[in-house]
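Sequence lines set the chain letters: A, B, ... in the order given, protein chains first and strands last, and positions in each chain run from 1.
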2 protein chains.
Amino acid sequence: MVKNTNKHIKSIPRMFEQVTQQIIDHIDSTPLEPGQKLPTERQLSELLQVSRSSVREGIKVLELLRFLDSKQGEGTFVASSPPYMIPSRVINKTIPMPELEHYFEVALMCAKTIILSFLKSEEPLPDQQERDSFWENFYQVVSSFGKRLPNPYFHSLWEESYQLLTANQYFERKQQPFEWSELDTAIQKRDLQKIFYLLDLVGISGS
Amino acid sequence: MVKNTNKHIKSIPRMFEQVTQQIIDHIDSTPLEPGQKLPTERQLSELLQVSRSSVREGIKVLELLRFLDSKQGEGTFVASSPPYMIPSRVINKTIPMPELEHYFEVALMCAKTIILSFLKSEEPLPDQQERDSFWENFYQVVSSFGKRLPNPYFHSLWEESYQLLTANQYFERKQQPFEWSELDTAIQKRDLQKIFYLLDLVGISGS
DNA sequence: GTCGATTTGTTCGTATGTATC
DNA sequence: TGATACATACGAACAAATCGA
């Protein structure tokens, strides 16, 4: 268990965050299938060398994410219902590729909705700073549009999935589907048809 | 809070679930604005008549949802960053209308993606049972399509937002935008253009 | 149907690390 | 530097639910 004494590292990893990851790791490495039973809280607390209280805080979080399911008098089980998208701050471990692709599809769905909604609103386009890579430009535009929408959840979902993808170096391995300037000029012209043609290309493009 | 058990009994809501709701209630009723400080864990435990451990489990959950932000040595604050979509099992309180509309927009975004993805996959259409209302039919179709997609998150997001909307009687107040048979036959014919024309109508229709 | 073992749910006391003044 | 306020973490104890003998 790493204690962070360094001050200029911003977030001190807290016990329950570490525990959450370690529980996920344990499920993956055992491996435990949906429906199977986890070690008891006391066993986990011994296994991970933390108190039972901390184990419980970690389990609570994973329970909320529909990852686990606890039943008094029985135990804690790996859930079989479809899980939430796991927030990036919960897991630091690298996510394997097919799973990352799922997050990318969600991000892209949000991006389409955000761009369409913003252009429909007829608000003036916010100024953009030209970035190095296609994906950085893409992120910046979607993000700045998303912030300005009345519905905050599109932006929230977009940020969450994008953060998780970059944390896993997804975009370093992903080819850019076309030159950024193509999408940029289409947006400037508010050419919805061209934009959606290009965004479909983004979804198809390989890695 | 009724849980899905095979015993047809109402499960006792657990402390941390009650605590999360009560903390939200407290923030609303005080009211506390983003950035403001919550009572300390000890005060909350006294206020809500539960132990500090239970308060902590509740705070952990709300922190994960970006609803709160705890800093050691300082306190716990109402977050200002855009929140996660709050899972329906966390809050039982009724959500006001403009907020519900946001959830509906997310649900609709997922529905569009799910229907489009499924029809593109060229899988045979699953059998549907005709339901009473437009929205029940709509839910059933999107849900059965969503379950069959390789990406589980579209379905997860759809279910979550739909559950929250029904829990708040959203659809009892919402007009149906057109006859269900219209959308049904368009799906049977896999007429994507007609489908998306209709789904846009769903988004525009008033309540 | 009862008893006992097991497991999660809940509480409390205590100690420690950290930020503010 | 010291004092105070606060979150963080631990461990022991007991309550409640479940299951099998």
Quick one: [X] [atom1] to [N] [atom2], roughly how many Å, whole number?
X: Glu46(A); N: dC10(D); atom1: CD; atom2: P; value: 13 Å
X: Lys71(B); N: dT20(C); atom1: NZ; atom2: P; value: 9 Å
X: Lys37(A); N: dT6(C); atom1: NZ; atom2: P; value: 12 Å
X: Arg56(A); N: dT11(C); atom1: CZ; atom2: C1'; value: 11 Å
X: Asp69(A); N: dT18(D); atom1: CG; atom2: P; value: 13 Å
X: Leu44(A); N: dT8(C); atom1: CG; atom2: C1'; value: 12 Å
X: Ile59(B); N: dT8(D); atom1: CD1; atom2: C1'; value: 12 Å
X: Gln72(B); N: dA7(D); atom1: CD; atom2: P; value: 10 Å

Handout entry: Side-chain donor/acceptor of Asp69(A) to backbone N/O of Ala79(A), under 3.5 Å
Key = no
Exercise for the section: Hey, which sits more toward the 5' end of DNA chain C by its nearest nucleotide, Gln43(A) or Ser53(B)? Expected result: Gln43(A)
Completion exercise
5'-most contact on DNA chain C (nearest-nucleotide basis), Arg42(B) vs Gly73(B), goes to Arg42(B)
Handout entry: Exceeds 12 heavy-atom contacts within 6.0 angstrom, atom CD of Glu123(B)
Key = yes
Problem - Under-4.0 Å side-chain N/O to phosphate OP1/OP2 contact, Ser54(A) with dC10(D) - result: yes
Exercise for the section: Give one of base, sugar-phosphate or nothing for Ser45(B), where a contact means two heavy atoms less than 4.0 Å apart. Expected result: nothing
Practice task
Assign Glu41(B) to base, sugar-phosphate, or nothing according to its heavy-atom contacts below 4.0 angstrom with the strands shown.
Solution key: base
Handout entry: Parallel, tilted or perpendicular: rings of Phe138(A) and Trp158(A) (30°, 60°)
Key = perpendicular
Handout entry: Among dT8(C), dG9(C), dA7(D), the one nearest Thr76(B) by side-chain distance
Key = dA7(D)
Fill in the blank from the handout: To the nearest 0.5 Å, atom CE of Met109(A) lies from atom CG of Leu116(B) at 12.0 Å
Exercise for the section: Classify the side chain of Arg52(A) and the base of dG9(C) as holding, or not holding, a donor-acceptor pair under 3.5 Å. Expected result: yes
